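These figures come from a predicted structure and were not determined experimentally. Residues take their numbers from the sequence shown, with the count starting at 1.
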Amino acid sequence: MTVQELPGAAAYRPTPPPAWKPITDPAPLLPDPEPYRVLGTDAVADVDPELLLRLHAELVRGRRYNAQATALTKQGRLAVYPSSTGQEACEIAAALVLEERDWLFPSYRDTLAAVARGLDPVEALTLLRGDRHTGYDPREHRVAPLCTPLATQLPHAVGLAHAARLKGDDVVALAMVGDGGTSEGDFHEALNFAAVWKAPVVFFVQNNGFAISVPLAKQTAAPSLAHKAVGYGMPGRLVDGNDAAAVHQVLSEAVARARRGEGPTLVEAVTYRMEAHTNADDATRYRVDSEVEAWKAHDPVRLLEHELTERGLLDDAGIEQAKEAAERMAAALRDRMNADPELTPMDLFTHVYAEQTSQLREQAAALRAELDAEQDHDEHGPEAGR
């Protein structure tokens, strides 16, 4: 028997509830057709000069940090390093828009954002050296672990933000992801949950052109990644990711909106990955040098420096001062990374579960026995234990 054959079926005409279509006008959610810019426009006059100078100093430091970390991979001090050279405006702005009580959820490429948030520059690289699972206490600076699996940090950000709101805490989570991460299921699940719950989250996509070797056009046919926000019922914003002032303004507005209880925002920053995906990648196999050279004319450090010098806010002495501060940071980073870490193998089992499982206890006991045997061998020679 079908539904139509049931008694009274002819009179059954279900009426959708009033909330069946919660968003009737998608227009307010749509991003602008072109990325929003501040530098070189009339809008820059409204930006605090002190903020511009701080952004510049952090950009210069970030550029030097990327260069030094890349050099450490060539010296064997880092296993891998995903450089964010060319994306420093996104990294720094993401860190500076947050209050101390807020949380940052970075991806593996977002070491600069973590350091700008206050994380020790060496601790930010510990995971990439292979010393520890994370290398820092996420609660100290409210920076979640640098996330290597694509987009898995996004649902975590939604969960934390939603829980904070339920507790009455005035907390916003800013979750960073690359354009490649938007092709992962975690991205879509996180956006849907955040929008339905009106969770205080800002999703920040750094569209740097390539997901390793895959160009954006082979990932999506959407007009922009920011347009994906509309399908989930949240605003999408499109911003010039190399314009530090514009990124800071757009993210600030999104954070303020989330803090007011108005829900999440998806921000897409159009930028460019100047260097290879990591030191293990050969970018010349999938892009041409002329493309990289064209983006160098839109370098975030150069853009901000030009604006500051044109307005008389920065001179040669100020530029040199920023460079010297960055060099001191790089020297300290280099010296500390050249020191061999003191590692305890048993720490492998320390932070896996609050209460160890029987399998972990068994594995820990086996490792302890191996370490004791090795120590006994070193102290008493090959005849020890016979």
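Under the side chain to side chain contact (heavy atoms under 4.5 Å, CB included) criterion, T148 pairs with Y108, L127, sequence neighbours left out. Looking at residues two or more places apart in sequence or on another chain, you find a salt bridge (charged side-chain N to carboxylate O under 4.0 Å, His left out) between E327 and R64. Partners of D48 according to the salt bridge (charged side-chain N to carboxylate O under 4.0 Å, His left out) rule, which considers only residues two or more places apart in sequence or in another chain, do not exist here. With sequence neighbours excluded, the residues that form a ring pair (Phe, Tyr, Trp, His ring centres under 6.0 Å) with F193 are W197. Checked against side chain to side chain contact (heavy atoms under 4.5 Å, CB included), E320 has the following partners two or more places apart in sequence or in another chain: K323, E324. A194 meets the side chain to side chain contact (heavy atoms under 4.5 Å, CB included) test with V158, A199, F203, P264; sequence neighbours excluded.
One hydrophobic cluster, built from ILVMFWY side chains closer than 4.5 Å, holds both Y353 and F349. No continuous path of ILVMFWY side-chain contacts below 4.5 Å connects L119 to L72, so the two sit in separate hydrophobic clusters.
At a threshold of 4.5 Å between non-hydrogen side-chain atoms, the residues N338 and R77 count as touching. The closest side-chain heavy-atom distance from P149 to C147 is below 4.5 Å. Within the 4.5 Å cutoff, side-chain heavy atoms of L52 are placed close to those of R311. Between L371 and M346, the closest side-chain pair of non-hydrogen atoms falls below 4.5 Å. A heavy-atom distance below 4.5 Å is found between the side chains of T111 and L128. With contacts defined as side-chain heavy-atom distances shorter than 4.5 Å, the pair P138/V143 does not qualify. Residues L146 and Y136 meet the side-chain proximity criterion, which asks for heavy atoms closer than 4.5 Å. Contact of the V196 side chain with the Y232 side chain is not registered, since no non-hydrogen atoms from C-beta on lie closer than 4.5 Å.
Of all heavy-atom pairs spanning D179 and L216, the tightest one is CB-CD1, 4.0 Å. P200 approaches H162 most closely through the heavy-atom pair CD-N, 4.5 Å. Between D102 and R142, the shortest heavy-atom contact is O-CB, 3.1 Å. The two atoms that bring A226 and R237 nearest to each other are CB-O, 3.6 Å, heavy atoms only. Pairing each heavy atom of P35 with each of V270, the nearest pair is CG-CG2, 4.1 Å. For the residue pair V115 and A124, the shortest heavy atom distance occurs at CG2-CB, 3.8 Å.
Atoms CD and CG, on E305 and L313 in that order, are 12.5 Å from each other to the nearest 0.5 Å. Between S183 atom OG and K218 atom NZ the span is 13.5 Å, to the nearest 0.5 Å. A distance of 8.0 Å separates CD1 of I212 from OG1 of T278, quoted to the nearest 0.5 Å. Taken from CD1 in I92 to OG in S84, the straight-line distance is 8.0 Å, to the nearest 0.5 Å.
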Please assess L78 against L125 for the test side-chain contact (heavy atoms from CB on, under 4.5 Å), listing each intermediate value before the final yes or no. CA-CA 8 Å; L78 278 181; L125 295 175; 4.0 Å; yes

Start with the C-alpha distance between V267 and V205, add both sets of side-chain angles, then the distance that settles side-chain contact (heavy atoms from CB on, under 4.5 Å), and finish with yes or no. CA-CA 6 Å; V267 177; V205 180; over 6 Å; no

With side-chain contact (heavy atoms from CB on, under 4.5 Å) as the test, would you mind laying out the steps for T309 and I319 before giving the verdict? CA-CA 9 Å; T309 53; I319 294 173; 4.2 Å; yes

Before giving the answer on side-chain contact (heavy atoms from CB on, under 4.5 Å), spell out for H227 and L30 the whole-Å C-alpha distance, their side-chain angles and the decisive distance to 0.1 Å. CA-CA 6 Å; H227 277 78; L30 288 168; 3.9 Å; yes

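The number of heavy-atom neighbours closer than 6.0 Å to CD of E362, taken from other residues, nucleotides and ligands shown, is 12 or below. Sparse packing is recorded around CZ of R139, with 12 or fewer heavy atoms of other residues, nucleotides or ligands lying under 6.0 Å away. By the 6.0 Å contact criterion, CG on D316 is open, its count of non-hydrogen atoms from other residues, nucleotides or ligands being 12 or less. E100 CD: 12 or fewer foreign heavy atoms inside a 6.0 Å radius.
Judged purely by distance below 3.5 Å, without hydrogens or angles, the side chains of Q206 and D110 pair a donor atom with an acceptor atom. Between the side chains of N208 and T271, no donor-acceptor pair is found at a separation under 3.5 Å. Side-chain N/O atoms of H298 and D243 include no donor and acceptor closer than 3.5 Å. Defined by atom type and a distance below 3.5 Å, a donor-acceptor pair is missing between the side-chain atoms of Q87 and E91. Side-chain contact, Y286 with D281: a donor N or O sits under 3.5 Å from an acceptor N or O. Side chains of N66 and Y81: a donor-acceptor N/O pair is present below 3.5 angstrom, by distance only.
In this structure, the side chain of E268 does not engage the main chain of V239 through any donor-acceptor pair within 3.5 Å. For R257 (side chain) and E262 (main-chain N/O), a donor-acceptor pair under 3.5 Å exists by modelled atom type. Judged by distance alone, the side chain of D169 and the main-chain N or O of V171 form no donor-acceptor pair under 3.5 Å. The backbone N or O of G209 sits less than 3.5 Å from a side-chain atom of N207, completing a donor-acceptor pair.
Applying salt bridge (Lys or Arg N to Asp or Glu O under 4.0 Å) to E88 and the options R61, R63, R302 leaves one that passes, R63. Evaluated for a side chain to side chain contact (heavy atoms under 4.5 Å, CB included) with V177, the options T152, L150, L154 yield exactly one hit, L154.
Taking the six-membered ring where tryptophan is involved, the planes of W103 and F105 are tilted, since the angle between them lies from 30° to 60°.
A salt bridge links R368 to D372: one of the charged nitrogens lies within less than 4.0 Å of a carboxylate oxygen. A salt bridge between R287 and D282 is absent, with no side-chain N of the basic residue lying under 4.0 Å from a carboxylate O of the acidic one.
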